[in-house]
> 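Here's a structure for you.
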Amino acid sequence: MQNNPYFIDFDKLFENYADKYYGEHEDEYDSPDDFARDLDRIYQEWATSPQQVIGGISPSEFFNKIPTSDLMDILKGSCVGENNPNSLLFDRIAAEPELKDDLIQLALASSDEKLLLVTLSLINEMGGAESEFYIDMVERDIDACVKEECIEKLCERADEVKEILLQRAQNSDDIAKIEMYVEPLTFCAAGDDRILALLRMLLSSDPNVAYVAALMGRYGDERACADLYKLLDDCDYAEFIEIRNAIETLGGTVDAHYRDFSADPLYKAIKGIK
């Protein structure tokens, strides 16, 4: 990719431009923070100003001249190693709606965290993909933060994906996968016995008690209070906080001094106890 005529470190070019600009205008700023607040304007000035290193045209014009057919290869190359795609490349690709299908196929075929996050961001910028795409992505063996991006999109479409996520959760014995299926389901209206049953199953099987308690609180089914109350006598302080918050969200009450946590490491750290 280093031999690609389009591959230039534009971030470094802007960094050099910004350093020079600050040196020439330092007396106009009270502090570096004031300069940082002006960076968006300076970036736009740089992006539309001729640069000799790219043939005397502006960076914006440079990217606008790139053939659409080359953009995907440039995107892949810009994610290799320590490289990162320039925002102008990002904007150019996002302005080409016919590339969305290529981005979706690239995301489904790639396992590189950086490339996946960039590709997902572009797909979402271009209006998003079908829900099946995000479900397929969370079921793949890829980085957790990439899955979380996809789960967020499913949460936004909770009612649309409710039945398919319920079916997959009910047919799985993988706790980690069930967690991923259930999180969007907690954005559906409370009262579905199937969702409550899954949450209760997780509460009894999942070691991440605090997380499941938070899911229960968000789902909002008051029937879960009874299940949460049962955990108060046998939990650490971190779990207690989430369980209590969930119970209170569901309309219940828990005395802040319900138990003595003076020996709990987190409690001691929060309270400054040595």
Side-chain angles (χ1 to χ4, degrees), residues 1 63 66-81 83-189 192 194-195 198-199 201-202 206 208 211-212 214-215 218-219:
M1 188 63 193
F63 281 99
I66 298 175
T68 303
S69 58
D70 290 343
L71 290 172
M72 294 301 294
D73 285 338
I74 298 172
L75 176 68
K76 286 184 281 187
S78 69
C79 291
V80 174
N83 300 324
N84 291 292
N86 179 268
S87 63
L88 295 174
L89 173 62
F90 191 98
D91 293 342
R92 172 66 202 285
I93 294 174
E96 300 288 349
E98 67 269 28
L99 291 179
K100 186 163 75 169
D101 286 343
D102 293 330
L103 290 166
I104 289 171
Q105 293 307 311
L106 178 59
L108 290 171
S110 176
S111 59
D112 179 76
E113 176 188 355
K114 185 193 298 183
L115 182 58
L116 280 172
L117 287 171
V118 169
T119 305
L120 280 172
S121 183
L122 279 164
I123 291 169
N124 294 334
E125 178 76 13
M126 299 166 79
E130 297 293 330
S131 297
E132 190 68 28
F133 164 77
Y134 297 107
I135 295 172
D136 288 344
M137 290 294 289
V138 301
E139 293 180 338
R140 292 181 56 206
D141 183 17
I142 53 178
D143 194 86
C145 65
V146 178
K147 291 187 179 186
E148 190 57 41
E149 290 285 329
C150 294
I151 290 171
E152 286 183 13
K153 298 306 293 184
L154 294 173
C155 290
E156 295 172 6
R157 311 169 179 204
D159 292 330
E160 176 187 331
V161 298
K162 176 179 177 179
E163 293 303 325
I164 187 171
L165 292 183
L166 275 168
Q167 182 182 29
R168 297 199 183 192
Q170 291 166 341
N171 292 330
S172 176
D173 56 5
D174 185 326
I175 292 297
K177 280 190 175 181
I178 295 173
E179 272 190 7
M180 292 188 299
Y181 297 138
V182 169
E183 184 170 345
L185 291 173
T186 61
F187 284 85
C188 296
D192 191 311
R194 298 169 298 173
I195 297 176
L198 285 170
L199 286 167
M201 184 278 293
L202 284 177
D206 195 325
N208 195 349
Y211 171 70
V212 180
L215 289 180
R218 184 167 66 202
Y219 183 51

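All figures in this text were calculated on a predicted structure; none of them were measured in a lab. Only heavy atoms go into these numbers, but all of them, side chains included; no hydrogens, no water, no symmetry mates.
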> Going from CG on Leu120 to CG on Leu106, what distance comes out if it is rounded to the nearest 0.5 angstrom?
10.0 Å
> Quick one: pull up CG in Asn171 and NZ in Lys177 and give me the separation to the nearest 0.5 Å.
12.0 Å
> State which residues pass salt bridge (Lys or Arg N to Asp or Glu O under 4.0 Å) with Asp136; sequence neighbours excluded, sorted by chain then number.
none
> Mind listing the closest non-hydrogen atom pair of Leu185 and Ile195 along with its distance?
O-CD1, 3.7 Å
> For Leu116 versus Ala107, what's the shortest heavy-atom pair and its separation?
CD2-O, 3.2 Å
> Verify the neighbour count for atom CG of Asp173: are there more than 12 heavy atoms of other residues, nucleotides or ligands below 6.0 Å?
no
> Are the side chain of Lys100 and the backbone N or O of Gly128 linked by a donor-acceptor pair below 3.5 Å?
yes
> When you compare the side chain of Thr119 with that of Ser110, does any pair of heavy atoms fall below 4.5 Å?
no
> Indicate yes or no: at least one non-hydrogen side-chain atom of Phe90 is less than 4.5 angstrom from one of Pro85.
no
> For a side chain to side chain contact (heavy atoms under 4.5 Å, CB included) check, start with the C-alpha distance between Asn84 and Lys114, then their side-chain angles and the critical distance, and finish with the verdict.
CA-CA 8 Å; Asn84 291 292; Lys114 185 193 298 183; 3.7 Å; yes
> Walk me through whether Glu132 and Ile164 qualify under side chain to side chain contact (heavy atoms under 4.5 Å, CB included).
CA-CA 9 Å; Glu132 190 68 28; Ile164 187 171; 3.5 Å; yes
> I need the minimum non-hydrogen distance between Asp192 and Tyr219, along with the two atoms involved.
N-OH, 2.9 Å
> Quick one, Arg218 and Leu215 - any side-chain contact, counting heavy atoms below 4.5 Å?
yes
> Would a 4.5 Å heavy-atom cut-off, applied to side chains only, mark Phe63 and Asn86 as touching?
yes
> Return the minimal non-hydrogen interatomic distance between Val118 and Cys79, and the atom names on each side.
CG2-SG, 4.1 Å
> Examine distances only and state if a side-chain atom of Lys147 and a backbone atom of Arg140 form a donor-acceptor pair shorter than 3.5 Å.
yes
> If you define the side chain from C-beta out and look only at heavy atoms, does anything of Glu148 sit under 4.5 Å from Glu183?
yes
> Please walk me through it: do Arg194 and Lys162 pass side chain to side chain contact (heavy atoms under 4.5 Å, CB included)?
CA-CA 11 Å; Arg194 298 169 298 173; Lys162 176 179 177 179; 3.9 Å; yes
> Output the distance between atom CG (Leu165) and atom CD (Glu160), rounded to the nearest 0.5 Å.
10.0 Å
> List the steps and the verdict of salt bridge (Lys or Arg N to Asp or Glu O under 4.0 Å) for Asp73 and Lys76.
CA-CA 5 Å; Asp73 285 338; Lys76 286 184 281 187; 3.6 Å; yes
> Rounded to the nearest 0.5 Å, what separates atom CG in Asn208 from atom CG in Leu202?
10.0 Å
> Output yes when a side-chain donor or acceptor of Ser78 lies under 3.5 Å from a complementary backbone atom of Leu75, and no otherwise.
yes
> Testing the basics here: between Ser131 and Leu154, what is the closest heavy-atom pair and its distance to 0.1 Å?
O-CD2, 3.9 Å
> Is Tyr134 close to Asn124 at the side-chain level, that is, under 4.5 Å between some pair of heavy atoms?
yes
> With side chains defined as the heavy atoms from C-beta onward, is the minimum distance between Arg92 and Thr68 less than 4.5 Å?
yes
> If the test is side chain to side chain donor-acceptor pair (under 3.5 Å), which one of Arg168, Glu139, Gln167 qualifies with Tyr181?
Glu139
> What's the separation between atom CG in Leu103 and atom CD in Glu96, rounded to the nearest 0.5 Å?
11.0 Å
> Could you walk me through whether Leu117 and Asp143 pass the side chain to side chain contact (heavy atoms under 4.5 Å, CB included) test, one step at a time?
CA-CA 10 Å; Leu117 287 171; Asp143 194 86; over 6 Å; no
> Roughly how far, to the nearest 0.5 Å, is CD1 of Ile93 from CG of Leu88?
11.5 Å
> I want to check something: taking the side chain as every heavy atom from C-beta on, are Glu113 and Ile142 in contact at a cut-off of under 4.5 Å?
no
> Quick one, Glu130 with Arg157, criterion salt bridge (Lys or Arg N to Asp or Glu O under 4.0 Å). Give me CA distance, side-chain angles, the key distance, then yes/no.
CA-CA 10 Å; Glu130 297 293 330; Arg157 311 169 179 204; 5.8 Å; no
